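Heads up, the thing below is written out as structure tokens.
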Amino acid sequence: MSDREHETYDVVGIGFGPSNLSLAIALEESRANGPEKEIDGLFFERQPRFGWHRNMLLPSATMQISFLKDLVTFRNPTSRFSFISYLHASGRLPQFVNNQDFFPTRQEFHQYLEWAQSQVADRISYGSEVLSVRLPEGTLPEQSDTLLLDVADASGQGRRTVETRNVVISTGLVPSMPEGTERDERVWHSSEFLARYRRTNPAELRRVAVVGAGQSAAEIARFLYDELPHAQVYAVIPSYGYAVADDTPYANQIFDPAAVDDYYFGTEQTREAFWRYHRNTNYSVVDDEVIRDLYRRTYADEVQDVQRLHFLNLTRVTGVKRAGTETRVTLQVGPDSEVRELDFDVLVCATGYKSMEPTELLGDLDRHCLRDESGRYRVERDYRIVTAPEMRCGIYLQGGTEHTHGLTSSLLSNLAIRSGEIAESIVTRRAEQRLLRRPC
Ligand SMILES: Cc1cc2nc3c(=O)[nH]c(=O)nc-3n(C[C@H](O)[C@H](O)[C@H](O)COP(=O)(O)OP(=O)(O)OC[C@H]3O[C@@H](n4cnc5c(N)ncnc54)[C@H](O)[C@@H]3O)c2cc1C
């Protein structure tokens with residue numbers, strides 16, 4: 001990364017997952033359209049290197065979207081940053097086509113993302129955690145064209161401050177645990193799964209439980225069943241069985257770019273209908289292939305008259321106690337909510353995530369950000385938080401806009417279009433501000 005902290009950037013991105021990677025590419029491509037479209041950007045990422053949900057890169061896990069919904073193709077089908085360009089560069093394009101599969105493994109998609117980020121590496125500062133976004137000392141929003149970001153070196157060694165006209169917050173989803181359950185060395189959240197698993201001696205894992213009814217839960221149950229042939233694997237699910245993710249063509253339209261407008265400009269009633277009818281495209285559901293894969297294992301065990309995969313249906317975790325090296329989990333099991341205590345060597349909570357929450361980062365600046373009657377940020381169509389009119393800087397969100405922009409907010413489906421819209425908005429607003437400043 002270039003050392004230009006003294007400069008004022010047009011935009012600084014907080015977090016460098018796929019969303020801001022897609023934006024970095026959109027800025028790069030915008031630059032090719034002439035100097036007036038050139039945006040000077042810098043991105044901070046707290047991880048020491050690029051990583052997209054590394055702890056869930058399970059060997060057989062596949063993408064839940066088509067490879068064509070990559071970082072760029074929906075915005076610019078001829079982009080050199082596409083998944084197809086990556087396949088071409090890595091010499092695998094013919095083999096990929098022969099494979100006739102729209103859904104690459106997550107490991108391959110991760111390789112694509114790493115390849116893409118390496119081409120914009122001069123704009124990324126890894127090992128850098130943004131602590132706060134604020135106005136310059138002693139200024140009011142109407143007096144400042146810039147915001148300051150305080151950034152800590154992840155090693156805890158030093159801090160720096162950078163200045164920017166716009167900020168794009170893309171810090172990702174926040175892991176969620178069952179109520180009253182704390183993480184420790186035997187109670188894991190799925191977001192830390194592989195790192196924790198690799199630090200554990202598999203021989204010690206004889207009874208493991210996976211809590212949750214979504215894709216990650218099913219994938220981890222399958223992984224543990226396969227990796228630990230000596231172990232009993234318990235799937236603790238609040239439903240009566242894994243429910244299938246609706247991936248059929250009409251339902252998939254919910255992820256089309258046009259659906260964002262339908263959601264954004266729709267009434268409260270239509271927005272509610274989006275969630276009511278189409279939640280099962282993504283939330284607490286599992287890919288058909290993974291469900292069948294698991295069921296095949298259960299059935300094969302039945303034929304052998306053994307049972308290794310146990311389903312605790314209609315079951316909730318209500319508490320966890322540590323007992324020596326074991327973890328005693330209190331459960332409310334089955335239709336009668338019978339209370340049972342079971343001991344496990346490890347409890348994996350694949351209990352999902354909360355929406356991105358930038359309030360803490362914004363600190364005092366947050367009072368200039370307007371909220372709706374439910375206390376959620378009001379967000380413009382261009383993903384900018386609606387601020388008090390005197391605020392001249394833009395605070396954009398990539399994520400955390402489910403209530404305004406719909407189901408794709410925390411997903412990859414619309415990244416290419418969204419990042420293009422944000423880049424365009426930054427260019428347009430800068431041009432407008434320059435016009436306003438020009439002497440009459
Ligand atoms: C296991 C898993 C699989 C998924 N698979 C799919 C899929 O197949 N298709 C799909 O559409 N969606 C999928 N999703 C949804 C997921 O949200 C998106 O894939 C994607 O991660 C969103 O990208 P993002 O950049 O917005 O957030 P993230 O990928 O979460 O990136 C946010 C980044 O911000 C960094 N960060 C946070 N705070 C700071 C800070 N203060 N300073 C600096 N850096 C910070 C984090 O370290 C992180 O790298 C999946 C989610 C999970 C958990």
Side-chain angles (χ1 to χ4, degrees), residues 12-24 42-58 61-71 102-110 112-113 117 124-133 149-154 162 167-176 189-194 212 214-220 223 245 247 252 254-255 281-283 286-287 290 350-358 360-363 383 396-402 407-416 418-419 422:
V12 168
I14 307 178
F16 202 72
S19 298
N20 270 344
L21 170 54
S22 181
L23 178 63
L42 178 65
F43 295 86
F44 289 108
E45 168 56 51
R46 66 182 172 198
Q47 295 185 84
R49 64 196 163 117
F50 184 83
W52 173 61
H53 303 302
R54 272 184 191 275
N55 288 320
M56 280 301 292
L57 292 180
L58 306 177
T62 58
M63 294 298 294
Q64 288 168 282
I65 49 162
S66 156
F67 69 91
L68 290 168
K69 292 187 173 178
D70 60 15
L71 298 164
F102 262 64
F103 303 95
T105 62
R106 276 213 295 275
Q107 287 181 346
E108 186 176 24
F109 203 76
H110 196 277
Y112 157 62
L113 296 173
Q117 68 83 37
I124 319 161
S125 179
Y126 285 110
S128 302
E129 177 162 14
V130 177
L131 303 175
S132 58
V133 185
L149 273 74
D150 298 311
V151 187
D153 189 286
V162 296
V167 61
V168 180
I169 303 177
S170 185
T171 49
L173 299 164
V174 182
S176 168
H189 187 266
S190 53
S191 59
E192 54 184 350
F193 177 69
L194 277 178
Q215 180 74 14
S216 292
E219 285 177 2
I220 291 173
F223 175 88
D247 188 30
N252 242 320
I254 198 88
F255 303 118
T281 49
N282 184 57
Y283 297 86
V286 181
D287 281 355
V290 180
T351 39
Y353 295 81
K354 288 184 256 200
S355 187
M356 186 179 92
E357 188 30 272
E360 207 181 310
L361 264 180
L362 292 173
Y383 300 95
Y396 293 81
L397 299 179
Q398 295 222 71
T401 58
E402 288 83 355
L407 278 77
T408 52
S409 290
S410 66
L411 301 177
L412 303 175
S413 332
N414 196 42
L415 283 195
R418 182 175 69 193
S419 57
I422 293 175

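Reckoned from all heavy atoms, side chains included, excluding hydrogens, waters and symmetry mates. Order of appearance sets the numbers: ligands from 1, and atoms from 1 within every ligand. When a residue number appears, it is its place in the shown sequence, counting from 1. All values derive from a computational prediction rather than experimental measurement.
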Exercise. Which residue owns the protein heavy atom closest to atom 48 (C) of ligand 1, what's the atom, and how far is it?
Worked result: E45 OE1, 3.5 Å

Exercise. Just by distance, with hydrogens left out, do S419 and S22 show a side-chain donor and acceptor under 3.5 Å apart?
Worked result: yes

For this session: Measure up the F16 and F50 rings against each other and bin them: parallel (under 30°), tilted (30 to 60°), perpendicular (over 60°).
Result: perpendicular

For this session: Measure centre to centre between the rings of H189 and Y353, then say whether the value is under 6.0 Å.
Result: yes

Problem set entry | Atoms of ligand 1, numbered as shown, that sit under 4.0 Å from any heavy atom of F44 | 43 (C), 44 (N)

For this session: Would you tell me whether R418 and S19 have side-chain atoms, one donor and one acceptor, within less than 3.5 Å of each other?
Result: yes

Exercise. For the atom pair OG (S216) and CG (N55), what is the distance rounded to the nearest 0.5 Å?
Worked result: 11.0 Å

Exercise. Roughly how far, to the nearest 0.5 Å, is the CD atom of Q117 from the CD atom of E45?
Worked result: 10.0 Å

For this session: Identify which one of I65, L71, T408 satisfies the side-chain contact (heavy atoms from CB on, under 4.5 Å) criterion when paired with L415.
Result: L71

Problem set entry | Heteroatom distance test (V130, ligand 1): nitrogen or oxygen, under 3.5 angstrom | yes

Exercise. At a 4.0 Å threshold, what atoms of ligand 1 neighbour a non-hydrogen atom of S19?
Worked result: 23 (O), 24 (P), 25 (O), 26 (O)

Exercise. Where is the nearest protein heavy atom to atom 17 (O) of ligand 1: which residue, which atom, and how far?
Worked result: S410 O, 2.7 Å

For this session: Quick one: pull up CE in M56 and CZ in F223 and give me the separation to the nearest 0.5 Å.
Result: 9.5 Å

For this session: Find all atoms of ligand 1 within a distance of less than 4.0 Å from any non-hydrogen atom belonging to Q47, and give their numbers and elements.
Result: 47 (O), 49 (O)

For this session: Go through ligand 1 atom by atom and flag the ones less than 4.0 Å from a non-hydrogen atom of M63.
Result: 8 (O)

Exercise. When rounded to the nearest 0.5 angstrom, what is the spacing between CD in E129 and OG1 in T171?
Worked result: 10.0 Å

Exercise. Going by distance only, is there an N or O of G51 that falls short of 3.5 Å from an N or O of ligand 1?
Worked result: no

Problem set entry | Ligand-side contact atoms (ligand 1) for residue partner Y353, heavy atom cut-off under 4.0 Å | 53 (C)

Exercise. If you round to the nearest 0.5 Å, how far is CG of L194 from CZ of R54?
Worked result: 11.0 Å

Exercise. In terms of atom number and element, which parts of ligand 1 are under 4.0 angstrom from non-hydrogen atoms of Q64?
Worked result: 5 (N), 7 (C), 8 (O)

For this session: Return the residue, atom name and 0.1 Å-rounded distance of the protein heavy atom closest to atom 31 (O) of ligand 1.
Result: G17 CA, 3.5 Å

Seminar exercise, completed: Contact region, F109 to ligand 1, non-hydrogen atoms below 4.0 Å, reads neither

Problem set entry | Heavy atom of the protein closest to atom 1 (C) of ligand 1 (residue, atom name, distance) | M56 CB, 3.5 Å

Exercise. How far is atom 20 (C) of ligand 1 from its nearest protein heavy atom, and which residue and atom is that?
Worked result: W52 NE1, 3.5 Å

Exercise. Which residue owns the protein heavy atom closest to atom 52 (C) of ligand 1, what's the atom, and how far is it?
Worked result: H53 CD2, 3.5 Å

For this session: Check S128 against ligand 1 and report side chain, backbone, both or neither, counting heavy atoms closer than 4.0 Å.
Result: backbone

Exercise. Does ligand 1 have an atom that lies less than 4.0 angstrom from a heavy atom of G399?
Worked result: no

For this session: Find all atoms of ligand 1 within a distance of less than 4.0 Å from any non-hydrogen atom belonging to L173, and give their numbers and elements.
Result: 17 (O)

Problem set entry | Listed partners of R49 passing side chain to side chain donor-acceptor pair (under 3.5 Å), at least two apart | none

Seminar exercise, completed: For atom 36 (N) of ligand 1, the closest protein heavy atom turns out to be R46 NE, 3.8 Å

For this session: May I ask you to check whether F67 and F103 place their ring centers less than 6.0 Å from one another?
Result: no

Exercise. What about P18: any of its N or O atoms under 3.5 Å from an N or O on ligand 1?
Worked result: yes

Problem set entry | Atom pair CG/CD1 of L21 and I124 - distance to nearest 0.5 Å | 7.0 Å

Seminar exercise, completed: Of all protein heavy atoms, the one nearest atom 28 (P) of ligand 1 is G172 CA, 4.1 Å

